[in-house]
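Working notes, structure below.
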Amino acid sequence: MLAEVASGGASEVVPKVTTLLKRFLTAKQLKQLHGLILVHGLNHLEGLVIRHLISFPSDYYQGIAHYLRLILRHSKQPDVFTATSVIRYFCNHGGFHEAFAQYVDMQRSGLLPSSFTVASALKACARLGNENGGMMIHCQVHSHGFCGDVYVETALLGFYTKVKDMETAQKLFDEMSERNVVSWNSMIDGYVRSGNIPLAEKVFSTMPNKDTVSWNTMVSGHSKTRNMEKALRLFQEMPERNPTSWNVMIRGYIDSDNIDLAQNFYNSMPQRNTISCITMITGYTKHGDVESARELFNNMSQKDQSLYNSMITCYSKNSHPKEALSLFDEMLQPKSNIQPDKMTLATIISACSQLQNFNLGSWIHESYMKQINITMDDHLRTALIDLYSKSGSITKAEELFKELHKKDIVAYTAMILGCSINGKEHIAIQVFDEMMASKIRPNLVTYSGILTALSHIGMVKKSYQCFDSMKNFGLEPTPDHYSLMVEIIGRNGRLDEAYDLIKSMPMEPHVGVWGALLRACATHGNVELGEIAAKHCFELESESSGYGSLLANIYASVGRWEEAKRLRERVHEKGSVKVPGSSWMDHQLE
DNA sequence: CTAGGGTTAG
């Protein structure tokens, strides 16, 4: 029939094409048919092609989305129904930016959205946290007269609850003439998300017909706030449980660091799904138990993309980048034949960065992503910022940083750290200030980055300010942060002050802290404190001789040759000349 | 509408 279309006259072609498009077609056939449609100038039939395209199994999302983008770029806007299907398709597969862009394009070409269009576009805005977009659509709801449509109103509610504007959500909810179970559940979810458990409970208790989702949402509210007693009580009270109910409990125990109870729930649930397994793997990832995670992974008979992603992440997060890469390779093998997605690649880029395999990392960026039609997003950009800054291509990293749609804490931190290790300390400080100005909460990693920058340029006063500001964000400095401070203060020659800081630590200083003091004492030839610091280093890490050499240097620097010689001999006897790793140390050795 | 997988240090 395809051949007939190719040869036939225009009048017979239309019904044939229409019939064909209702059948099952392979991707190749569809492409051919699409070509013929264009040859015959039947552009109005493109909508059918698009709708056919998005009915393919979602495994092919990357390819389908790519083809869709091509069609949408080169043709005139599809009809409302088709455009809406496209928006929904993007939405259901995580392409929220594209969903929203399609909605905007549709408006631009003068098409009036339907209630379905509006509901889908709102969902995209909700998931993107695009507050302006959502509010704009809210206005259109009024001007297009969609008020009173339960689906639209519930979508609006979903938008406001997702962006945590519970005041507006509550107002909308109160004014709704008709509410369905989803509207109620959205309200519970909204209060749970904004951390207001009492109000969530209030909605939950006044809700007329609770379904399993209502119960699960409430249980997850308690488990998110680490109230596992209450979560368990509700879980037991539920009239009906589905796998999600169990998964929520497992996640709660994992978040409360109770991996044993999580394990118990996992073992006793009547039906496990992939998400149960992924949740457990995440728990093991957090606990650094790579072996148990792998065991669970191996036991799954059906392994999908997400499961692979969770295991690859487990390896990458626990500093097993080689294993991450080999599992990535395994998933691409014909016998498993699973497509990687953005998440896979973000993790793999991180693994490349850890392995210093910059060629593989930039090949993924420059070539592989295009090959498999994966479009850039902010998580990928962040992973690449780290990769490029670790390989010294700080300019590339800065470019990617500029391209970010939303700069989150991870992106800022990666950039700050990237600047710090590439001799752009002042830029690092600038980026840090910019982050503070945009009211993004720094975390412990951010402070490691900025203190590293400050340590390179020895800005003592600014470092103190920075260090002291940690408590404004409820952050407790870790021994690593103290090490950095000791290094900064000590390198400036203020050794007693550095020692005082160590003594003020609320926890036991680890070897890094004493090592920083010892190195500072070596620089400034302070025997008294150097001996104290060295003593602690020996106690904490007797097998390393680097500390002995440092102390010997101190003796030598003040002319106490005998002691220096004796110490060096002892170091030599031990046979080990290993020096503890430290960026500062490396500079000293150069 | 509920459950899962991504990116930053050491």
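All heavy atoms count here, side chains included; hydrogens, waters and symmetry mates do not.
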Inset, instruction - Could you pull out the closest heavy-atom pair between A:E434 and A:K407, with the gap in Å? - result: OE2-NZ, 3.5 Å
Legend entry - Closest heavy-atom pair and its distance - A:S353, A:D386: OG-OD2, 2.7 Å
Within the structure, does a side-chain N or O atom of [X] lie under 4.0 Å from either OP1 or OP2 of [N]?
X	N	answer
A:T282	B:dG5	yes
A:K317	B:dT8	no
A:S448	B:dT8	no
A:K224	B:dA3	yes
A:S350	B:dT8	yes
A:R251	B:dG5	yes
A:T313	B:dG6	yes
A:K286	B:dG5	no
A:R193	B:dC1	no
A:K406	B:dT7	no

What is the separation between atom [atom1] on [X] and atom [atom2] on [N], rounded to the nearest whole Å?
X	N	atom1	atom2	result
A:M311	B:dG4	CE	C1'	15 Å
A:W215	B:dA3	CH2	P	18 Å
A:D386	B:dG6	CG	C1'	13 Å
A:M470	B:dA9	CE	C1'	12 Å
A:W246	B:dA3	CH2	P	18 Å
A:H379	B:dG6	NE2	P	9 Å
A:Y266	B:dA3	OH	C1'	14 Å
A:I278	B:dG5	CD1	C1'	5 Å

Decide yes or no, distance alone: a donor-acceptor N/O pair under 3.5 angstrom between the base of [N] and the side-chain of [X].
X	N	result
A:D377	B:dG6	yes
A:N273	B:dG4	no
A:S306	B:dG4	yes
A:T413	B:dT8	yes

Between [X] and [Y] (salt bridge meaning N to carboxylate O under 4.0 Å), is one present in this structure?
X	Y	result
A:D378	A:R381	yes
A:E323	A:R294	no
A:E201	A:K230	yes

What's [X] touching, base or sugar-phosphate or nothing? Going by heavy atoms closer than 4.0 Å.
X	answer
A:K210	nothing
A:T217	sugar-phosphate
A:V248	sugar-phosphate
A:I349	nothing

As a test of reading the structure: which of [options] is closest to the side chain of [X], going by heavy atoms?
X	options	answer
A:S186	B:dC1, B:dT7, B:dG5	B:dC1
A:N247	B:dG4, B:dT7, B:dA3	B:dA3
A:D304	B:dA3, B:dG4, B:dC1	B:dG4
A:D341	B:dT7, B:dA3, B:dG5	B:dG5
A:V410	B:dT8, B:dG4, B:dA9	B:dT8
A:K390	B:dG5, B:dT7, B:dT8	B:dT8

Legend entry - Option among A:N216, A:N273, A:T212, A:N247 that satisfies the side-chain hydrogen bond (donor to acceptor under 3.5 Å, both in side chains) test with A:N242: A:N216
Inset, instruction - Apply the side-chain hydrogen bond (donor to acceptor under 3.5 Å, both in side chains) test between A:Y160 and each candidate in A:E167, A:K171, A:H138; give the one that qualifies. - result: A:H138
